[in-house]
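What follows is one structure encoded as structure tokens, with my remarks underneath.
Predicted model only: the values in this text are computed from it and were never measured.
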Amino acid sequence: MERISVWLNRNSLYIALLAAWIAMCGSLYFSEVRGYVPCVLCWYQRILMYPLTGVIAIGLLRRDRNLPYYVLPFSLLGLGVSTYHYLLEKTDLFAGSSFCAQGVSCTTQWINWFGFVTIPFLALTAFLIISLMSVIALLNGQPEAVNEEGDPLRTPWLPVSGVIVVVLAVFTALFIAGEQDPQVAAAQQSPFATLAVTPGPQVRVDGTISDPATLTRGEQLYLQSCAACHGLDGQGVANLGNQLRGSEFFAASTDAELLAVIRQGRELTDPANTTGLVMPPSGGRPDLSDEDILAVIAYLRTPQ
Ligand code: HEC
């Protein structure tokens, strides 16, 4: 226990450095390789996180005792933003929030590992680690500039560059593994390619006639969860989502097929992906029930 605490006191800022680099590379991996679109709140968190990768590294290299004071304002603000973002995703506490009225919705959950780990949750964890480690460094007067005898310590080039190089190497491997097949990439040029590509010889609509209450519920849920990418009228939004209402794909699919497609979403690597844009699983709303999604489908089947 004693040993662990001594080790932690000495290395807390290296742990903070590691967390900041993993957070930055991870967020770039999600947006640049996986194609997940960052929302407005994501950008605020990036603004607060990315500078820390440089600030912590330089502070450590210069053995600047004040380093935690430079880091904490960013990491604590970031902790606030990601906590707010996570609550927005997972609770109704801020249901009336006007954040992300434009572009991709802040409540779209691109990932939902184990039912609770979303991207803001990962950011929250990183900001929390960085804040805690900075407080530990602050209490222990780290980084130290002189040793016990009062001699100046050497510049820690090796550990600082070691952390950065290891994180970069891991993520470069992920970036290369995620590189798209050039042929697939070419086929995905047009965001509205779906229309031209999807064959729909026989029209297979379920023909269920929905009651007005279902349609109203479907409309509400559609506007909350899908409209940011697929347009208020279901006609699509350039570079975010394609046409749904009245599309051949919609007409040619049964409700059950559409439900399965929506539940699964479409990663860039999905052979069915035609636009080169990502559809998050369940439209980024893992909390929607099958009935909810069927109501959205019923609503989209009504002509506008
Ligand atoms: C973050 C943006 C985004 C959100 C939110 C979103 N979608 Fe999508 N959706 C897409 C993209 C992009 C595609 C096209 C993917 C592709 O190339 O196949 C798509 C494809 C689809 C398709 C297949 C259409 C076709 O022609 O291939 C259906 C159905 C669909 N979405 C329904 C929904 C529903 C219902 C919701 C709300 C619950 C929703 N989407 C939310 C981005 C989104």
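- The cluster map of Ile, Leu, Val, Met, Phe, Trp and Tyr, joined by side-chain heavy atoms under 4.5 Å apart, puts I15 and L13 in different clusters.
- Identified under the ring-ring contact (aromatic ring centres under 6.0 Å, His included) test for residues 271-302, with sequence neighbours left out: Y222-Y299.
- With respect to the salt-bridge test (charged N to carboxylate O, under 4.0 angstrom), the residues R245 and D233 do not qualify.
- As a member of the Ile/Leu/Val/Met/Phe/Trp/Tyr network built from side-chain separations under 4.5 Å, L158 groups with nothing else and remains a singleton.
- Under the 4.0 Å criterion applied to side-chain N and carboxylate O atoms, R285 and D287 are assigned as salt-bridge partners.
- Atoms OH and CG, from Y86 and L122 in turn, are 9.5 Å apart once rounded to the nearest 0.5 Å.
- The salt bridge (Lys or Arg N to Asp or Glu O under 4.0 Å) test applied to E291 returns no partner, not counting sequence neighbours.
- If you check the side chains of E89 and Q109, you find no donor sitting under 3.5 Å from an acceptor.
- Legend: residues meeting salt bridge (Lys or Arg N to Asp or Glu O under 4.0 Å) with R63, ordered by chain and number and at least two apart, are absent.
- V170 is not connected to L17 by any chain of hydrophobic side-chain contacts under 4.5 Å among Ile, Leu, Val, Met, Phe, Trp and Tyr, and they are in different clusters.
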Between side-chain atoms of residues 125-138 and protein atoms elsewhere (two or more places apart, or another chain), which donor-acceptor pairs fall under 3.5 Å?
{"residue": "T125", "atom": "OG1", "partner": "F121", "partner atom": "O", "Å": "2.8"}
{"residue": "S131", "atom": "OG", "partner": "S75", "partner atom": "OG", "Å": "3.0"}
{"residue": "S131", "atom": "OG", "partner": "F127", "partner atom": "O", "Å": "2.8"}
{"residue": "S134", "atom": "OG", "partner": "I130", "partner atom": "O", "Å": "2.8"}

>> Under the criterion side-chain contact (heavy atoms from CB on, under 4.5 Å), I'd like the reasoning laid out for F74 against I47: C-alpha separation, chi angles, the key distance, then a yes or no.
In response: CA-CA 9 Å; F74 289 89; I47 287 166; over 6 Å; no
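- Looking only at atom types and distance, the side chain of Y36 has a donor-acceptor partner in the side chain of E267 under 3.5 Å away.
- Contact annotation: the side chain of R62 never approaches that of L67 to less than 4.5 Å [non-hydrogen atoms, C-beta and beyond].
- Applying the salt bridge (Lys or Arg N to Asp or Glu O under 4.0 Å) rule to D290 yields the partners R263; only residues at least two apart in sequence or on another chain are considered.
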